There are 2 protein chains.
Amino acid sequence: MDKRLPAQRSVTITDVARAAQVSKATAARALGGYGTVSAAVRDRVLGAAQRLDYRPNALARTMATGRSGTIGVIVGDIENPFFGLAVRGISDRAKQDGFDVLLANSAEDLATEQAAMAVMLSKGVDGLIVAPSQKAERRHLDEVLARGRPLVLLDRDVPGMPVDVVEVDGRSAARLATELLTAAGHRRLCYVTASLAPESGDPTDVVLTSVGNRISGYLEAAKAAAVEPCHAAICFGAVTTQEAQDLLVALLGGPQRPSAILASDSKIALEVFRASKACGLTIPDDLSLVTFDDADWTSAVDPAVTVIAQPTYALGTAAAETLIGRLNDADRPIRRQQLKASPICRASIKRVGGLGSSAVLEQVSDHV
Amino acid sequence: MDKRLPAQRSVTITDVARAAQVSKATAARALGGYGTVSAAVRDRVLGAAQRLDYRPNALARTMATGRSGTIGVIVGDIENPFFGLAVRGISDRAKQDGFDVLLANSAEDLATEQAAMAVMLSKGVDGLIVAPSQKAERRHLDEVLARGRPLVLLDRDVPGMPVDVVEVDGRSAARLATELLTAAGHRRLCYVTASLAPESGDPTDVVLTSVGNRISGYLEAAKAAAVEPCHAAICFGAVTTQEAQDLLVALLGGPQRPSAILASDSKIALEVFRASKACGLTIPDDLSLVTFDDADWTSAVDPAVTVIAQPTYALGTAAAETLIGRLNDADRPIRRQQLKASPICRASIKRVGGLGSSAVLEQVSDHV
DNA sequence: ATGAAAGCGCTAACAA
DNA sequence: TTGTTAGCGCTTTCAT
């Protein structure tokens, strides 16, 4: 009971050649715009192609040339607006150079990421842009390189890999964010992330370098502002909505409740919003909040959330541009691009008592 | 200056065959698991493949068989969480049957949609799932069918097209939403959408059937609740954030300000939130709000927004399932699936004075 | 059960 | 300038 579709044989270059009464090769030259063809013949071929509604078969072309004009993109979470926007950047830039984009979602899962990569390779993508789900596993990435396909890492680094990277300078960004808080007088901070606590015990050693960098910056700035180490807390593991709520409610209900939270991304920030409501806390009066990523809702809610805006779209265009550049010149030196994030001050930080804040404020302005 | 990569020749079936000392055909049979091979030979071939790290070339296979194991998906706006979730539904379901997904974004632009479709067809997708950007243009869709590739319409219909459709019952959903409002005593309503006002003058004749259906339901319910026709307004054209703000500020600042707004999607609802803040209006005290789509932020903000939740993920799985079904049986009857939406009552609707509301309330409960 | 050979649609040497 | 021919890697008759 397998009545498959007949998969209509479509018009091939052979049909066009016959119609135009030339050889396949000549038709190919006219159609492909390479080699040399007389004007008369070209017109004849193009006319025939038009008449027959000829559509080149990209697969056959790829098989013959080894190039597909396609870039593979693998992101961690397609539902995250951050990646949505970055992907648009990639697509827009790729289109400029005539590249198509093949998109896949790893769901932050290594096995899925590996499978997606294998599929893309087997489908003949010319190169890959990947936001790796883990900084520690690079075998599959090495293989891409071994197969002669260029690779660009997006938003997340894999230390030691000899590839181009396009990421955000998360350390400076986090420093900035933290300074916004300490400058407003906050001395009890908490960084909240979905990442799991690193086994090594070193908080910056999380699986995503993007998060690790942010934590570094946070810790640095807290130290610089002489925040007591035990008051520069980090809350790991806010993976699902439920887990985030449990964690946050415990945190906000506890005795050592922080006066300010730095959310690792806009999804976390939303959960902070939700949890503070559940705990009967008001932002910013009872709790100040800063988050990475200028998600659309952050400016519409009350209070509008102060954010560290990331150059998300630019991240995408830069990644695509880098890949295309390397496609054209395999020998160009490897580059690690760190784009700067920029703070957008809104209304979710409350200035709390204390002195010396103005000095820190100046310090902040140096960085902006 | 075109130093392209050497594109390493990878291990082919020929290499495996040689290593296993059998013919190409036999190797292919063993590897592909079809035809007949003796156990001994199969082991030899599989062993060699393993040893050489053989990866089948999907392109070559597609060229030879005409099937690619790939489904093409074209959505209107990948950044919209609605489509993000639907795409995940599609991917998950497709993966169950071993299909890969090729994703493209039309940006709600017809030309882009057509181009994406051509690319996918030329790359040999087995079938297509499309959320068409316009109900009126179907030439490119007809062509998919003509090429013998099945097509499933997602979320939006193209009236008259003989294809499977998986959509939401938007008319009932909108009726429900409107009844929520009228039952609470609202008599001055406004439906706000990004769609442009139809040239025909018929408000339900917008380019997207999903929106048209919702408008039908809205109008029906308003009429049934004896809302004065001029108070069942429709506000078209809230395309960009800026346009939405301009429109909404004018609407909310005007003399005939509605007491309740029905937002066509969560993006619009967010703009309503923003605009009401700008106008100094409080939700729900000064303005009630209902929206389609249970976006994550709607339950986290204050007040939490009453929404009509759509079965978004299910929409995706159903679409994938339908396509795969047709791939296996081209002759199965065409189906139009209408999934039901369900209201989630939160805190953005205020009960306003007046009588007779209880009667309408009962009416509502019939539908829930 | 296995092998030889043709072919999917296109490109790219090489000849003419 | 144009045609001939040989692949790209795989599947699939048709023989053996």
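What you see is a predicted model; the values in this text were computed from it and never measured.
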B/M63 side chain: which of C/dC8, D/dT2, D/dC8 is closest?
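Between C/dC8, D/dT2, D/dC8, the one nearest the side chain of B/M63 would be C/dC8.
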Can you list every pair that meets side-chain hydrogen bond (donor to acceptor under 3.5 Å, both in side chains) and has a residue in residues 129-140 of chain A, with sequence neighbours left out?
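Output for this query lists A/E113-A/S133, A/E113-A/H140, A/K135-A/D205, A/R138-A/D142.
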Mind checking what makes side chain to side chain donor-acceptor pair (under 3.5 Å) contact with [X], not counting sequence neighbours?
X: B/N80; value: none
X: B/S68; value: B/D126
X: B/T322; value: B/Q337

Atom [atom1] of [X] to atom [atom2] of [N]: distance rounded to whole Å?
X: A/L121; N: D/dG9; atom1: CG; atom2: P; answer: 14 Å
X: A/D15; N: C/dC8; atom1: CG; atom2: C1'; answer: 13 Å
X: A/L59; N: D/dG7; atom1: CG; atom2: C1'; answer: 17 Å
X: A/K123; N: D/dG9; atom1: NZ; atom2: P; answer: 17 Å

Please give the angle, rounded to 10 degrees, between the axes at the start and the end of the helix from C/dA1-D/dT16 to C/dA16-D/dT1, where five pairs define each axis.
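About 40°, once rounded to a multiple of 10°.
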For residues 43-52 of chain A, which side-chain donor-acceptor pairs fall under 3.5 Å, sequence neighbours excluded?
from, atom 1, to, atom 2, distance (Å)
A/R44, NH1, A/A20, O, 2.4

Would you say a side-chain N or O of A/S23 is under 4.0 Å from OP1 or OP2 of D/dT4?
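Result: no.
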Under the salt bridge (Lys or Arg N to Asp or Glu O under 4.0 Å) test, residues paired with B/R55 that sit two or more places apart
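Salt bridge (Lys or Arg N to Asp or Glu O under 4.0 Å) list for B/R55, sorted by chain: A/E143, B/D53.
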Throw together a table of side-chain donor-acceptor distances under 3.5 angstrom for residues 27-35 of chain A, partners on residues two or more places apart or in other chains.
none

N/O donor-acceptor pair under 3.5 Å between A/N328 side chain and A/I324 backbone
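Yes, A/N328 side chain to A/I324 backbone: donor-acceptor pair under 3.5 Å.
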Side-chain donor-acceptor contacts of residues 154-162 of chain B below 3.5 Å, not counting sequence neighbours, with atom names and distances?
from, atom 1, to, atom 2, distance (Å)
B/R156, NH1, B/E108, OE1, 3.0
B/R156, NH1, B/P132, O, 3.1
B/R156, NH2, B/E108, OE2, 2.8
B/D157, OD1, B/R336, NH2, 3.1
B/D157, OD2, B/R336, NE, 3.4
B/D157, OD2, B/R336, NH2, 2.5

Can you give one letter per nucleotide of nucleotides 10-16 of chain C, going 5' to 3': B for a protein heavy atom under 4.0 Å from the base, S for sugar-phosphate only, - for none?
BBBB---
Determine whether B/T70 and A/K123 satisfy the following criterion, side-chain hydrogen bond (donor to acceptor under 3.5 Å, both in side chains), listing intermediate values before the conclusion.
CA-CA 10 Å; B/T70 303; A/K123 289 224 198 289; 2.7 Å; yes
Report, one line per pair, each donor and acceptor closer than 3.5 Å where one atom sits in a side chain of residues 84-97 of chain B; sequence neighbours left out.
from, atom 1, to, atom 2, distance (Å)
B/R88, NE, A/E79, OE2, 2.2
B/R88, NH2, A/E79, OE2, 3.4
B/S91, OG, B/V87, O, 3.0
B/D92, OD2, B/Y313, OH, 2.6
B/R93, NE, B/E321, OE1, 3.1
B/R93, NH1, B/D97, OD1, 2.9

Name every residue in residues 41-49 of chain A that has at least one heavy atom under 4.0 Å from any atom of DNA chain C, in order of residue number, or write none if there are no such residues.
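Within residues 41-49 of chain A, no residue comes under 4.0 Å of DNA chain C.
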